[in-house]
Amino acid sequence: MEKLPGLFYLRRNVLHVARDLLGKIVITNKDGIITSARIVETEAYAGVLDRASHAFGARRTNRNEVMYGDGGRAYIYLCYGIHHLFNVVTNVEGIPHAVLVRAAEPILGIEVMLERSGKQKLDKTLTRGPGNFSRALGIYTSDNGIALDSKVLSIVDDGFKFPRRDIHASPRIGVDYAGVDAQLPYRFYIKGHPNVSGKPA
DNA sequence: GAGTAGATCCTCT
DNA sequence: GAGGATCTACTCA
């Protein structure tokens with residue numbers, strides 16, 4: 001159970017980081033309440049050349065400023081006025097790459113996650129989809145910019161690995177507005193996993 | 001099971 | 001002033 005080293009996030013290829021995050025565990029510690037979940041679905045956002053990214057065309061605003069810093073921090077923003085989306089910033093300072101965590105498998109603090117989500121009992125939707133994932137783990141825009149080896153929010157490796165053959169790539173979800181870039185196979189997921197969003201493959 | 005509308009608010013133009 | 005890296009519930013079949 002070790003926190004991922006800084007070098008993990010600083011790598012140049014955001015696709016590798018997105019793929020390698022599968023199977024890792026996100027842990028949050030909010031007011032002493034610990035929840036954790038294993039990542040089963042991610043999407044890569046390749047910075048200035050990627051129409052689906054907030055940083056396309058080197059756009060730099062208060063909102064996406066975090067993406068321009070060193071990898072290893074959280075970029076969290078509000079989508080559709082309702083959903084807090086959790087991203088992992090990658091690459092070195094000046095290159096705004098990020099990986100969106102889309103889905104995970106609940107591990108610790110399931111009761112708390114159910115309470116946060118207003119659910120009565122555990123079902124597959126608890127941490128399925130980026131909005132649900134963030135809500136269950138108690139991740140909000142107020143956590144934007146936080147380091148991923150911090151006490152409140154961290155990502156660890158417990159040695160678990162999904163079989164290579166179960167890791168698949170596909171076009172990203174919900175980015176139709178990005179034109180040709182919407183077709184890029186930048187989404188990585190565990191084939192057949194119940195917590196993966198979208199239609200079963 | 002498939003398709004669609006509505007929620008809801010911050011951010012950027 | 002428009003629209004979004006979404007989710008849910010509802011309709012219709």
Side-chain angles (χ1 to χ4, degrees), chain A residues 9 14-15 17-19 21-22 26 37 39-68 71 73-91 95-106 113-146 148 153 155 168-189 193-201:
Chain A
Y9 306 104
V14 66
L15 299 177
V17 179
R19 189 190 59 205
L21 277 172
L22 295 174
V26 179
I39 299 170
V40 299
E41 184 182 358
T42 61
E43 281 180 4
Y45 285 83
V48 300
L49 298 177
D50 183 352
R51 286 180 187 281
S53 171
H54 290 164
F56 174 68
R59 192 167 53 194
R60 185 165 186 161
T61 65
N62 284 332
R63 181 172 65 155
N64 67 21
E65 181 65 29
V66 177
M67 280 203 285
Y68 284 85
R73 289 199 288 169
Y75 170 46
I76 303 160
Y77 75 98
L78 188 68
C79 186
Y80 297 105
I82 303 172
H83 305 291
H84 300 257
L85 269 55
F86 170 62
N87 295 253
V88 174
V89 177
T90 73
N91 219 309
I95 303 183
H97 288 188
V99 175
L100 169 69
V101 177
R102 291 191 53 86
E105 172 186 332
M113 291 196 258
L114 289 172
E115 193 176 325
R116 284 175 181 149
S117 303
K119 294 182 188 301
Q120 300 301 316
K121 60 177 185 178
L122 181 63
D123 66 20
K124 292 170 184 172
T125 68
L126 181 61
T127 51
R128 175 182 165 147
N132 290 335
F133 167 79
S134 302
R135 185 171 55 170
L137 287 175
I139 297 171
Y140 309 109
T141 53
S142 54
D143 297 314
N144 187 39
I146 204 167
L148 292 174
L153 181 58
I155 299 180
H168 285 236
S170 80
R172 291 170 293 186
I173 292 177
V175 294
D176 293 341
Y177 61 86
V180 290
D181 288 339
Q183 304 300 318
L184 296 170
Y186 281 7
R187 170 173 173 252
F188 298 92
Y189 63 97
H193 195 286
N195 290 110
V196 171
S197 66
K199 284 182 286 188

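From a predicted model like this one, the values you see are computed outputs, not experimental measurements. Every chain is numbered from 1, with letters handed out A, B, ... down the list of sequences. Hydrogens, waters and symmetry mates play no part in the numbers below; they use all other heavy atoms, side chains included.
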Would the distance check show the side chain of [X] and the main-chain N or O of [Y] forming a donor-acceptor pair, the cut-off being under 3.5 Å?
X	Y	result
A:D50	A:A52	yes
A:N64	A:H54	yes
A:N144	A:T141	no
A:R128	A:A103	no
A:N87	A:I76	no
A:H193	A:N195	yes
A:T42	A:V99	no
A:N91	A:H97	no

Result of checking A:L21, A:V14, A:L100 against A:V88 for side-chain contact (heavy atoms from CB on, under 4.5 Å): A:L21
Base-paired stems that DNA chain B participates in, counting runs of 3 or more Watson-Crick or G-U pairs under 3.5 Å: B:1-7 with C:6-12, B:9-12 with C:1-4
Side-chain heavy-atom pair A:E41, A:I173 within 4.5 angstrom cut-off: yes
Between B:dC10 (C1') and A:L85 (CG): distance, integer Å: 13 Å
Length of the CD-C1' vector between A:E65 and B:dT11, whole Å: 15 Å
Sugar-phosphate, base or nothing in reach of A:N87, heavy atoms under 4.0 Å: base
Touch class at under 4.0 angstrom, heavy-atom based, for A:R172 against every strand present: nothing
Contact interval (first through last nucleotide) of DNA chain C with protein chain A, 4.0 Å heavy-atom: C:dG4 to C:dT8
Same-atom distance (P) from B:dG3 to C:dA5, integer angstrom: 23 Å
Please write out each protein N/O paired with an N/O of nucleotides 7-9 of chain B under 3.5 Å, distance rounded to 0.1 Å.
from  : atom 1 : to    : atom 2 : distance (Å)
B:dT8 : O2     : A:Y80 : O      : 2.6

Aromatic plane relationship, A:Y140 with A:H84 - under 30° parallel, 30 to 60° tilted, over 60° perpendicular: perpendicular
